[in-house]
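Step one of this worksheet: look at the structure below.
Read the numbers this way: they start at 1 and go in the same order the structure lists the ligands and their atoms.
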Amino acid sequence: MIWEERIDRSKLPDHVAIIMDGNGRWAQERGYNRIYGHQHGVDSVREATEAAAELGIKYLTLYAFSTENWNRPSDEVEALMGLLVDTIEKETPTLNKNNVRLLAIGDLARLPQPTREKFERCMADTASNTGLRLVLAISYSSRWEITAAMKQMAAEVAAGKLTPEQISEQVVAAHLNTKDIPDPDLLIRTSGEQRISNFLLWQLAYSELFFTKVNWPDFRKEQFYDAIFAYQHRERRYGKTSAQITPKHD
Ligand code: FPP
């Protein structure tokens with residue numbers, strides 16, 4: 001069935017986050033090195049971005065490089081960084097054409113300076129776009145983000161700008177990298193793994209989780225639509241009862 005018939009445009013998630021997993025295994029299964037898998041993963045990034053933009057989803061966050069990924073062999077780290085920057089630079093005109101704004105979360109200070117500058121330029125070049133927000137998590141981990149937020153709040157308390165009593169969930173959220181971004185409604189993880197892997201731990205508190213066995217390089221719009229379709233058939237209760245969410249009408 002084509003997606004227009006399956007997907008209810010009035011019940012779209014505002015924010016979809018994806019843990020893109022399985023590039024290495026996809027390549028190794030085919031007798032290639034892991035970098036070949038990452039190269040093919042770029043096509044899937046394009047597919048997911050296009051699918052999200054076409055549907056009118058407001059935010060798409062992609063886990064592109066974790067804090068832990070810095071521990072991979074240096075040739076793989078270099079290849080991933082190169083691929084990220086080259087893709088973003090190459091795709092910036094297309095992002096602009098499609099009104100997509102590029103944002104980043106993560107410890108960008110750890111990136112080599114030329115890489116960071118290129119990212120910053122691409123973000124600035126798309127800053128006035130008002131359509132899909134494409135958020136790349138780069139050198140990101142949730143524990144890093146939460147620790148940084150705690151340090152920041154502690155410093156504000158020490159400076160007399162914040163009292164411990166003023167620290168609420170809203171204040172914590174306002175100290176995270178995602179302060180201007182709503183929590184994800186839906187998290188997709190590819191490659192059959194069923195873990196969160198230090199990704200958006202605070203923000204995923206009430207997100208629906210969708211796991212697919214498809215490795216990231218094989219992820220196409222169809223898999224994106226499958227996830228949206230599954231999401232639309234979940235009941236989000238936020239700790240309430242089913243009756244409270246869908247009260248009966250007489
Ligand atoms: C996980 O597969 C994937 C990554 C760590 C990197 C994802 C990056 C890209 C697809 C590059 C381009 C990205 C953008 C946003 C332009 P894995 O290597 O952990 O696979 P494995 O679990 O099979 O080893």
Within 45° cone and under 6.0 Å: Arg189 NZ/CZ vs Phe211 ring: no

Find all atoms of ligand 1 within a distance of less than 4.0 Å from any non-hydrogen atom belonging to [X], and give their numbers and elements.
X: Thr87; result: 16 (C)
X: Leu136; result: 15 (C)
X: Arg34; result: 17 (P), 18 (O), 24 (O)

Does the side chain of Phe199 reach to within under 4.5 Å of the side chain of Ser66, using non-hydrogen atoms? no

For the aromatic rings, using the six-membered ring if either is Trp, is the centroid distance between Phe65 and Trp70 under 6.0 Å? yes

Are [X] and [Y] close enough that a side-chain donor and a side-chain acceptor fall under 3.5 Å?
X: Asn129; Y: Asn96; answer: yes
X: Asp185; Y: His15; answer: no
X: Arg25; Y: Ser191; answer: yes

Tell me, which protein residue and heavy-atom name are nearest [atom], and how many Å apart are they?
atom: atom 9 (C) of ligand 1; result: Asn23 ND2, 4.1 Å
atom: atom 1 (C) of ligand 1; result: Met20 O, 3.0 Å
atom: atom 6 (C) of ligand 1; result: Ala64 O, 3.4 Å

I'd like to know if the side chain of Glu145 reaches the main chain of Leu176, judged simply by a donor and an acceptor atom lying under 3.5 Å from each other, with no hydrogens or angles considered. no

Return yes or no for this condition: an N or O of [X] is under 3.5 Å from an N or O of ligand 1.
X: Asn69; result: no
X: Arg72; result: yes
X: Leu80; result: no
X: Arg25; result: yes
X: Tyr63; result: no

May I ask which of Val42, Asp21, Leu84 has a heavy atom nearer to atom 14 (C) of ligand 1 than the others do? Leu84

Would you call Arg220-Glu50 a salt bridge at under 4.0 Å N-O? no

